[in-house]
Amino acid sequence: MSDIEKSLRLLALAKRYIVEDSQFGEGYTITPKNDNRIQAHCCDGDLEYFVTGVYNSGANVARINIEELDDLREFCQSLLGGDA
C-alpha cells in the first residue's frame, strides 16, 4: 500500500472515532463514536485497550464487540504509523 493510500485510509477511519487528551494524564483516549464501551489509551507509542461502562452498572461484565475492537486496533496502529 502506498503512503498516499495509507494516509487516505487513516483519514477514512478517523471519521469513526473521538480522539481526546487523556483524562489519565499524558497521551490520548480514542473512543469509537458508535460504541463507547471500548476505548484505547495511547501514550508514548504504547497502546492499551479498555472495556468501559461496567462500573456502577450492576453487572460485572460487558459484552465486547470484537469487530469494533479490531477496527479500533487498526485505527490506533495506523495513528502510530504501523501497519495493522
Side-chain angles (χ1 to χ4, degrees):
M1 183 181 288
S2 71
D3 287 343
I4 190 76
E5 289 171 321
K6 288 179 185 177
S7 295
L8 291 171
R9 174 75 176 141
L10 178 60
L11 288 172
L13 286 170
K15 294 177 184 178
R16 299 176 52 199
Y17 298 93
I18 299 167
V19 180
E20 303 174 303
D21 287 331
S22 176
Q23 63 186 8
F24 304 111
E26 297 180 22
Y28 298 92
T29 300
I30 303 160
T31 308
K33 288 181 179 177
N34 67 343
D35 187 350
N36 64 358
R37 292 181 295 171
I38 59 174
Q39 66 180 214
H41 179 73
C42 179
C43 184
D44 296 329
D46 291 325
L47 290 167
E48 296 180 290
Y49 299 93
F50 298 91
V51 176
T52 64
V54 193
Y55 318 105
N56 299 324
S57 69
N60 293 325
V61 297
R63 184 177 303 272
I64 297 173
N65 180 331
I66 294 298
E67 291 81 18
E68 188 63 52
L69 181 60
D70 288 343
D71 290 346
L72 175 62
R73 183 183 164 279
E74 178 183 355
F75 176 66
C76 292
Q77 291 294 330
S78 296
L79 283 175
L80 296 179
D83 293 326

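Below, all heavy atoms of this structure are taken into account, side chains as well, without hydrogens, waters or symmetry copies.
In Lys33, the NZ atom is crowded: over 12 heavy atoms of neighbouring residues, nucleotides or ligands sit closer than 6.0 Å.
Closest non-hydrogen pair, Tyr17 versus Leu72, comes out as OH-N, 3.2 Å.
Once rounded to the nearest 0.5 Å, the distance linking CD of Gln77 with CG of Leu79 reads 9.5 Å. To the nearest 0.5 Å, the span separating CG on Leu10 from CD on Glu74 amounts to 10.0 Å.
Looking at Asp71 and Pro32, their side chains never come closer than 4.5 Å, going by heavy atoms from C-beta outward. Side-chain contact between Glu68 and Arg37: absent, with no pair of heavy atoms (C-beta onward) separated by less than 4.5 Å.
Note on Leu69 and Val19: same hydrophobic cluster, where clusters join Ile, Leu, Val, Met, Phe, Trp and Tyr whose side-chain heavy atoms are under 4.5 Å apart, directly or indirectly. A continuous path of hydrophobic side-chain contacts links Leu13 to Ile66 [ILVMFWY only; heavy atoms under 4.5 Å].
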Table please: side-chain donor-acceptor pairs of residues 38-51 below 3.5 Å, with sequence neighbours left out.
residue : atom : partner : partner atom : Å
His41   : ND1  : Ser22   : OG           : 3.2
His41   : ND1  : Tyr28   : O            : 3.4
His41   : NE2  : Glu26   : O            : 3.4

